[in-house]
There are 2 protein chains.
Amino acid sequence: MNIKQLSPDVSETQFKQQIFFALSDPGRYKIVQMLYDVGHEMGCGELNQHVEIDKSTMSYHLRTLREAGITTTRTQGREKYVTLNVAKIEAELPGLLENL
Amino acid sequence: MNIKQLSPDVSETQFKQQIFFALSDPGRYKIVQMLYDVGHEMGCGELNQHVEIDKSTMSYHLRTLREAGITTTRTQGREKYVTLNVAKIEAELPGLLENL
DNA sequence: ATAATTGTTTGATATATATAAAACTATAAA
DNA sequence: TTTATAGTTTTATATATATCAAACAATTAT
């Protein structure tokens with residue numbers, strides 16, 4: 001039994017709770033699911049084609065995910081590409097993503 | 001590849017999202033964690049000793065969990081006992097509980 | 001019967017959240 | 001340089017959520 005099981009770090013628990021919060025919303029759930037399924041980064045516009053929500057709402061959800069450390073964003077020209085931080089999520093909640 | 005992976009049932013996704021919602025709150029997170037760790041039903045009062053929140057707030061959270069199908073409640077006399085529906089949760093999100 | 005207990009419900013309240021329109025920023029195209 | 005595109009931020013709004021005090025219901029103890 002490792003130390004993590006005896007007393008999980010507050011920030012670890014916090015990250016888990018942020019993941020749970022993110023996945024409790026249908027829009028964000030679809031975004032995360034989509035990103036995981038395609039297995040690579042996606043442009044915001046591309047994402048928007050698959051998850052039909054207003055662009056400002058999409059931006060709001062993407063910011064939530066980004067600020068929680070669940071995704072990472074890369075800018076190229078005027079487009080932005082979103083990546084799901086799979087390894088980071090798997091480190092805390094192994095097997096979660098594949099069961100969405 | 002089974003049918004579930006191709007098109008997960010709406011209600012399954014809904015149940016998952018309810019679990020995520022439940023776990024996004026610190027109080028409910030602790031309740032679920034405690035119930036999982038002890039491995040058997042707990043009295044509400046007993047739970048309240050371990051998770052320090054107002055009794056009415058506790059009741060509110062327990063109702064949320066119960067109505068989401070995450071827990072089951074049994075009444076005996078004037079006391080109530082709460083059980084975590086481990087099998088049901090594991091069926092949708094295997095490995096989740098052990099990683100809280 | 002009266003009092004103590006166990007837990008729920010109601011009411012009030014403060015805060016958080018999701019949504020979308022409109023204005024805005026930055027880059028690329030014409 | 002003007003226009004179009006991609007995405008963000010602001011503003012407004014409606015709804016959801018968490019919290020606790022107080023009243024309540026039900027059971028058990030005195």
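Here is how names work: the chains are called A, B, and so on, in the same order as the sequence lines, proteins then strands, and each is numbered from 1. Small disclaimer: the values here were computed from a predicted structure and weren't measured.
Distances shown here put every side-chain N or O of A:Arg66 at or beyond 4.0 Å from the OP1 or OP2 atom of D:dG7. OP1 or OP2 of D:dT19 has at least one side-chain nitrogen or oxygen of B:His61 nearer than 4.0 Å.
The listed nucleotides are D:dT8, D:dA18, C:dG7; the one nearest the side chain of B:Asp25 is D:dA18. Across D:dC20, D:dT8, C:dT6, the shortest atom-to-atom separation from the side chain of A:Ser59 is found for D:dT8. Of the candidates C:dA18, C:dT9, D:dT8, the closest approach to any side-chain atom of B:Arg63 belongs to C:dT9. Side chain of A:Phe21, nearest nucleotide from D:dA6, D:dT8, C:dA18: C:dA18. Listed nucleotides D:dA23, D:dG7, D:dT19 differ in distance to B:Thr57; the shortest reach to its side chain belongs to D:dT19. Closest to the side chain of A:Tyr60, from the set C:dT19, C:dG7, D:dA18, is C:dT19.
Take the nearest nucleotide of DNA chain C for A:Arg28 and for B:Tyr81: the residue whose nucleotide is more 5' is B:Tyr81.
Between A:Ile53 atom CD1 and C:dA21 atom C1' the separation is 16 Å, expressed in whole Å. Summarising the geometry, the separation between CD on B:Glu79 and C1' on C:dT8 is reported as 15 Å, rounded to the nearest angstrom. When the P atom of C:dA18 is taken as reference, atom CD1 of A:Ile31 falls 11 Å away, rounded to whole Å. Between the CG atom of B:Leu47 and the P atom of C:dT6 there is a distance of 14 Å, rounded to whole Å. One interatomic measurement links the two molecules: CZ of A:Arg78 to P of D:dT3, which rounds to 16 Å at whole-angstrom precision. Spacing between atom CD of B:Gln76 and atom P of D:dT28 amounts to 9 Å, rounded to whole angstrom units. Atom CG of A:Asp54 and atom C1' of D:dT11 are 14 Å apart (whole Å). As a whole-Å value, the separation of A:Leu62 CG from D:dT8 P is 7 Å.
B:Lys16 contributes a side-chain N or O that, together with a main-chain N or O of A:Asn99, makes up a donor-acceptor pair within less than 3.5 Å. In this structure, the side chain of A:Ser59 does not engage the main chain of A:Ser56 through any donor-acceptor pair within 3.5 Å.
Judged by atom type and distance alone, B:Lys55 reaches the base of C:dG7 through a side-chain donor-acceptor pair under 3.5 Å.
Taking the centre and axis of the six-membered ring of A:Phe15, the NZ or CZ atom of A:Lys88 falls inside the cone set by 45° and 6.0 Å.
In this pair, A:Phe20 and B:Tyr29 present their aromatic rings tilted. The plane angle is within the 30 to 60° band.
Of the candidates A:Val32, A:Asp37, A:Ile31, A:Ile31 is the only one forming a side-chain contact (heavy atoms from CB on, under 4.5 Å) with A:Leu35.
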